[in-house]
Amino acid sequence: MTTLPVQFSDDQATAYDSVAEMLMKAGIDLGDSLLHPPRGEGGVMAVIGKAGSGKTLLLAELYKALEQAGVDIVSGDYESRKKGEKRTLAILAPTNKAASVLRLRGVPATTIHRILYTPVYDPEYERIAEWLAGNGDKPEIEGLTEEALTRAKAFYERNKSIPGALAAAGLRGSDFITGWKRREDPLDIGFVDEASMLDDRQFEDLKEIFPNLLLFGDPAQLAPVNQSGAMVFESLPAPRQLTLNRVHRQKADNPILDLAHALADPMVDFYAFERMIEEIAKTDDRVVWGQRVEVDLMARSPVLVWRNATRIRLINAFRTVHGAPEDALLEGEPLVCDGIELPLKHRKKRLDLEARGLIKGAQVIYLGPGRKPGFSRLHVMGAEDPQVSAASIVKIEKPDEEEPFIPYAARMGAAFLHGAAVTIHKAQGSQWDTTQVFGPDIYAAARMGRSEAGQPLWKRLAYVAVTRAQNRLIWVVRNRLAKPSGPLRIDDLRAAPAATLTLEAQDE
């Protein structure tokens, strides 16, 4: 079957040509698919536009053009030592969830952290990785059958993931990855999606690694905390900011996008916006005027709120209706990584935890206690190798109590908060098929009259919250919780051996 060529809008075509010109100066000719040695003349450029403006489509087409030209794609899970002088491209996102959204669209994205830190492979299993990457002969590995290698090859051809392929052969991450190291050598071209989430330090790190850096961001989202309402791409000179205006995502009559773009109208206040939601909900089931929070969705798709007090109250209501005890978690409860609590002497173990997906803001599902005291088995949402066992400090916050209750605590390790509800700030970069937004919190922001970067804060909050919904938006208008239809479950998560993360690495 012949694939029809993509029809760019005028603004997409202009942006594509501008990026192609930047890459031409760096020695990459997309028009004739020719590669030349790096010239160091690229720099930083940004493609900016609101939800549905076609940023992801443009990113995907640029990726295809670079791959067709012979540029080597760096995935973050393995880099061949034989790459030599090849031109390279890495496609990055700030979180596992954001990277998984791109991977579902056929773009081999990884997290920024997995590019800053690279895995060290066991030499024997590195031979399998080289073979899968097309740089060596098929190896003979003791304990791995021909059938297992065939499964690994078939997986890699579909997904281009070395850890996933080795897992398909029956190996665990702890079998073939012996550690992680900070990247020493720069790469070539970097594409960064969800660039509105970047802070200044991450931006500087990326500029050190990539002489040619292309950012894709939404100027209507919320800026990172402590960034004074500014996004890193806003500091670029005007010719380096390429703006997309036309709406492309899904169908032109997408009611969720209609709501998001209606927020740009200065005449639309909170009351008018809620009336729009209520009217659309009467004729289109993709928008729901919710009289209560649907508790069944909270285990995989958190309720989005503005205030921490609302988040804590909803989390405790979720646990109460499921009959969760105060001193333990139930299998299937959602958590959010709140960072790594390790002393400096355990820097190597910190890299290990973070590189496996346990970075601040990562969404995980609790699968049960680990084999060692203080350890938990976890499923990292959006990660390519999602199931791990890690030393954990789990904090359950209580209404009107300053200190959280800690049902599980290792002496040190990955810290977690409950994830049945999250703030809209933390939800940036993620999308869910169905998203619940707690309307009373947006109303509270509207009543306060605060502004951020010249826009009413409530509109920025509503915009980010609404655009987290891929197919269905539930706008909750009452502080009520539905009853669960059944107990929490974990059988919907991909079963795979858990890669054990210990704190027994030698000090550096």
Side-chain angles (χ1 to χ4, degrees), residues 9 49-57 101 196 218-222 244-298 300-307 310 314 421-425 427-449 452 455-482 485:
S9 64
K50 292 185 179 181
S53 60
K55 297 186 298 296
T56 302
L57 174 64
V101 170
S196 58
D218 185 338
Q221 290 200 25
L222 295 160
L244 304 182
N245 296 299
R246 184 178 167 189
V247 176
H248 297 270
R249 189 200 293 173
Q250 300 167 2
K251 296 180 180 179
D253 67 344
N254 185 329
I256 297 171
L257 281 181
D258 290 343
L259 287 168
H261 286 270
L263 290 162
D265 186 345
M267 301 302 292
V268 173
D269 61 11
F270 179 81
Y271 302 102
F273 184 66
E274 277 213 325
R275 283 197 298 272
M276 291 176 63
I277 296 173
E278 191 172 12
E279 288 304 312
I280 291 172
K282 292 176 181 177
T283 59
D284 197 314
D285 59 9
R286 290 173 288 181
V287 174
V288 178
W289 182 258
Q291 295 295 323
R292 62 184 61 82
V293 175
E294 295 299 330
V295 71
D296 286 341
L297 293 172
M298 295 171 72
R300 298 292 182 270
S301 176
V303 182
L304 305 188
V305 304
W306 174 46
R307 298 174 292 190
T310 306
L314 286 170
V422 301
T423 62
I424 294 168
H425 255 106
Q428 287 196 132
S430 297
Q431 282 191 309
W432 297 272
D433 181 78
T434 298
T435 298
Q436 299 187 87
V437 180
F438 195 70
D441 256 25
I442 309 297
Y443 174 63
R447 287 190 63 185
M448 290 183 68
E452 184 178 288
Q455 285 287 327
L457 175 61
W458 80 265
K459 286 193 170 185
R460 297 182 81 95
L461 291 167
Y463 176 87
V464 172
V466 164
T467 54
R468 299 312 91 201
Q470 289 177 304
N471 295 305
R472 190 164 172 258
L473 169 70
I474 302 177
W475 186 269
V476 180
V477 296
R478 297 183 68 184
N479 189 16
R480 296 174 61 188
L481 199 70
S485 62

- Message: Using 0.5 Å steps for rounding, measure from the OG1 atom of T435 to the CD atom of Q470.
- Response: 7.5 Å
- Exercise: identify the closest heavy-atom pair between V422 and A427: CG2-CB, 4.2 Å
- Quick one: CG on L222 to CG on L457, what's the gap to the nearest 0.5 Å? 7.0 Å
- One should read off an interatomic distance between R307 CZ and L314 CG, to the nearest 0.5 angstrom, of 10.5 Å
- Task: Could you grab the distance from atom OG1 of T423 to atom CD of Q428, nearest 0.5 Å is fine?
- Result: 9.0 Å
- Short question: side chain of R292, backbone of L481 - any donor-acceptor pair under 3.5 Å? no
- Note on the structure: Note: D284 and P255 closest approach over all heavy atoms is OD2-CG, 3.6 Å
- Item | Donor-acceptor contact present, side-chain D433 to main-chain N471, <3.5 Å | no
- Message: Any heavy-atom pair between the side chains of E274 and V477 that's under 4.5 Å?
- Response: yes
- Query: Between CD1 of I424 and CZ of F438, what distance do you get to the nearest 0.5 Å?
  - Reply: 11.5 Å
- Item | Beyond-backbone contact of F273 with D265, side-chain heavy atoms, under 4.5 angstrom | no
- Task: Might you point out which heavy atoms bring V464 and T467 nearest each other, and give the distance in Å?
- Result: O-OG1, 3.1 Å
- Listed partners of R468 passing salt bridge (Lys or Arg N to Asp or Glu O under 4.0 Å), at least two apart: none
- Message: Any side-chain to backbone donor/acceptor pair from Q436 onto E294? Under 3.5 Å, distance only.
- Response: yes
- Partner set under salt bridge (Lys or Arg N to Asp or Glu O under 4.0 Å) for E279, not counting sequence neighbours: K282
- Task: Verify, without hydrogens or angle tests, whether S301 (side chain) and L297 (backbone) share a donor-acceptor contact under 3.5 angstrom.
- Result: no
- Message: Has K55 got a side-chain atom pairing as donor or acceptor with G49's backbone, closer than 3.5 angstrom?
- Response: yes
- Query: Is the backbone N or O of L461 less than 3.5 Å from a side-chain atom of H425, with the two atoms forming a donor-acceptor pair by type?
  - Reply: no
- Query: Parallel under 30°, tilted from 30 to 60°, perpendicular over 60°: which one fits the rings of Y443 and F270?
  - Reply: tilted
- Task: From the options V305, V476, L473, select the one residue that forms a side-chain contact (heavy atoms from CB on, under 4.5 Å) with V437.
- Result: L473
- Determine whether the side chains of D218 and S196 contain a donor N or O and an acceptor N or O closer than 3.5 Å. no
- If you round to the nearest 0.5 Å, how far is CG of L259 from CD1 of I280? 4.0 Å
- Query: What are the two closest non-hydrogen atoms of V466 and W475, and how far apart are they?
  - Reply: CG2-CZ3, 4.3 Å
- With a 4.5 Å heavy-atom cut-off, do K50 and Y463 have their side chains touching? yes
- Message: Can a donor-acceptor pair be found, under 3.5 Å and without considering hydrogens, that links the side chain of K459 to the backbone of A220?
- Response: no
